[in-house]
Amino acid sequence: VSDIARRVEALESLLVSRGLVDPATMARIIEHYETNLGPLNGARVVARAWLDAGYRARLLVDGTRAIAELGFGGAQGEHMVALENTASVHNVVVCTLCSCYPWPVLGLPPSWYKSPEYRARVVREPRKVLHEMGLDLPPSVEIKVWDSSAEVRYLVIPERPGGTQGLSEEALIKLVTRDSMIGVGLALGPPPGDGHV
Amino acid sequence: MTMRPLPGWLLRLYPHVQGSARRAPAAPAFAPGDAVTVRAPGEPGHTRRPAYLWGKRGIVVRHHGAMTFPDARARGEKGPPFHLYTVSFQGRELWGPDADPALSINVDLFEPYLERS
């Protein structure tokens, strides 16, 4: 653990133990950042790519530009590359050297993404790591790990789940999880009883 | 909720002002398809060259243009920008014959880290 991480942890536990900060409030702020500000933007990009083949093509050629079409861009997203998951290829993203992450589309990285365990193991035994995270990929599926340790930031476009043909863009957005855009999960299935045919 | 697209002039400027893209001082030495080997660093100090790649062989899959060089920037030096590439390594090249046969590791590496192989 680095100095700064120890310092932040010490500060956080002091603030909590003296009753100056409510951990539940802190959790809500983090959740707000993760669900309202961050991954929702990426989910809009993915849902648009699912619905609009022209957009998907532009996204795969120039991620930064296509993401900006939807109004997203900024620090830690200046050089974006989109990676498309298919039935035969699964992409998963890591930063082995630190915690590089595409902030404009995903927000701040989850703590496991920054953990030495994830960073060391996902380049070496990704199938096992993904299994431990609840994602089982058949051995026939090729895994491409992307170590974003330099200037480029990656966004995974998960496969569009089956049974979602009738869903609107807004409904599709709800199926795109943060984890599916890092590549450690899949997009969610359609909600039950949604009424589409 | 309607999103307003970022204007084109801002997009063109952005990677250069806020990001690391810079005018290339020389033509790229490598192109997609080239086989390259990652050199071990000659001196200690900050680098964006992960140690698990030193001496390993991969294939260039994408060229990203020239960007500021973090190794020099960390020393407070201005230094020229260098071309950045994505290089693809097979799992077996990095982890030996027992590695997952359907695994590749793709890493962004600056030109000074690489030599033709």
Side-chain angles (χ1 to χ4, degrees), chain A residues 40-41 44-45 48 62 64-81 83 88-98 100 104 119-120 122-130 137-154 169-170 173, chain B residues 1-8 10-22 46-53 58 61-71 73 81-91 94-96 98-110 113:
Chain A
L40 185 62
N41 298 349
R44 288 182 183 281
V45 173
R48 181 65 55 87
D62 186 341
T64 315
R65 183 166 278 264
I67 287 166
E69 279 182 41
L70 300 192
F72 310 126
Q76 295 297 312
E78 299 95 344
H79 313 287
M80 288 295 308
V81 168
L83 308 164
S88 56
V89 177
H90 184 90
N91 297 284
V92 57
V93 182
V94 63
C95 171
T96 60
L97 293 182
C98 47
C100 297
R119 289 157 47 206
V122 80
V123 287
R124 198 176 188 111
E125 43 181 19
R127 219 172 290 267
K128 196 168 169 207
V129 171
L130 294 177
L137 295 174
S140 59
V141 171
E142 181 191 350
I143 298 183
K144 289 186 175 180
V145 179
W146 298 81
D147 184 351
S148 63
S149 290
E151 308 300 318
V152 180
R153 300 290 172 265
Y154 294 94
E169 186 160 347
E170 290 303 316
I173 286 167
Chain B
M1 184 167 162
T2 315
M3 295 293 172
R4 225 175 45 165
L6 299 179
L10 181 63
L11 267 180
R12 282 189 297 278
L13 218 62
Y14 212 76
H16 297 268
V17 177
Q18 167 103 41
S20 306
R22 297 291 180 272
H46 178 82
T47 184
R48 293 268 122 197
R49 170 169 26 188
Y52 72 94
L53 300 174
V61 292
R62 193 159 175 165
H63 170 235
H64 295 285
M67 308 222 184
T68 50
F69 190 46
D71 302 38
R73 196 172 51 197
F82 286 104
H83 290 281
L84 182 71
Y85 307 89
T86 303
V87 181
S88 182
F89 302 85
Q90 291 303 304
L94 302 185
W95 317 119
D98 295 336
D100 196 321
L103 166 64
S104 69
I105 294 95
N106 304 272
V107 192
D108 300 318
L109 297 166
F110 285 91
Y113 301 164

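Naming convention: chains lettered A, B, ... in sequence-line order (proteins, then strands); numbering from 1 in each chain. Because the structure is predicted, anything quoted here is derived from the model rather than measured.
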May I ask you to test the [X]-[Y] pair for a side-chain heavy-atom distance under 4.5 Å?
X       : Y       : answer
S20(B)  : E78(A)  : no
T86(B)  : W146(A) : yes
V123(A) : W95(B)  : yes
R62(B)  : V81(A)  : yes

Rounded to the nearest 0.5 Å, what separation is found between the CG atom of L53(B) and the OG atom of S149(A)?
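It comes to 9.0 Å.
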If you measure from CZ on F69(B) to CD on E151(A), what distance do you get to the nearest 0.5 Å?
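Between F69(B) CZ and E151(A) CD, I get 10.5 Å after rounding to 0.5 Å.
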Verdict with supporting geometry, S104(B) and E142(A), side-chain contact (heavy atoms from CB on, under 4.5 Å):
CA-CA 8 Å; S104(B) 69; E142(A) 181 191 350; 4.2 Å; yes
Contact origin within [X] toward chain A - heavy atom pairs under 4.5 Å:
X      : result
T47(B) : backbone
Y52(B) : side chain
L84(B) : side chain
P50(B) : both

So, does R48(B) use its side chain to make a donor-acceptor pair with the main chain of A150(A) at under 3.5 Å?
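Side chain of R48(B) to backbone of A150(A), a donor-acceptor pair under 3.5 Å: no, none is there.
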Please report the shortest heavy-atom distance between A102(B) and P139(A), naming the atom on each side.
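Smallest heavy-atom distance, with atoms named: CB-O, 4.1 Å.
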Does the side chain of D108(B) pick up a donor-acceptor pair with the side chain of Y154(A) at under 3.5 Å?
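The answer is yes; a qualifying pair exists.
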Going by salt bridge (charged side-chain N to carboxylate O under 4.0 Å, His left out), D100(B) matches just one of K128(A), K144(A), R127(A), R124(A). Which one?
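Testing each of K128(A), K144(A), R127(A), R124(A) against D100(B), the sole residue satisfying salt bridge (charged side-chain N to carboxylate O under 4.0 Å, His left out) is R127(A).
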Just checking R49(B): does its CZ atom have more than 12 heavy atoms from other residues, nucleotides or ligands closer to it than 6.0 angstrom?
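Buried by this count: over 12 neighbours within 6.0 Å.
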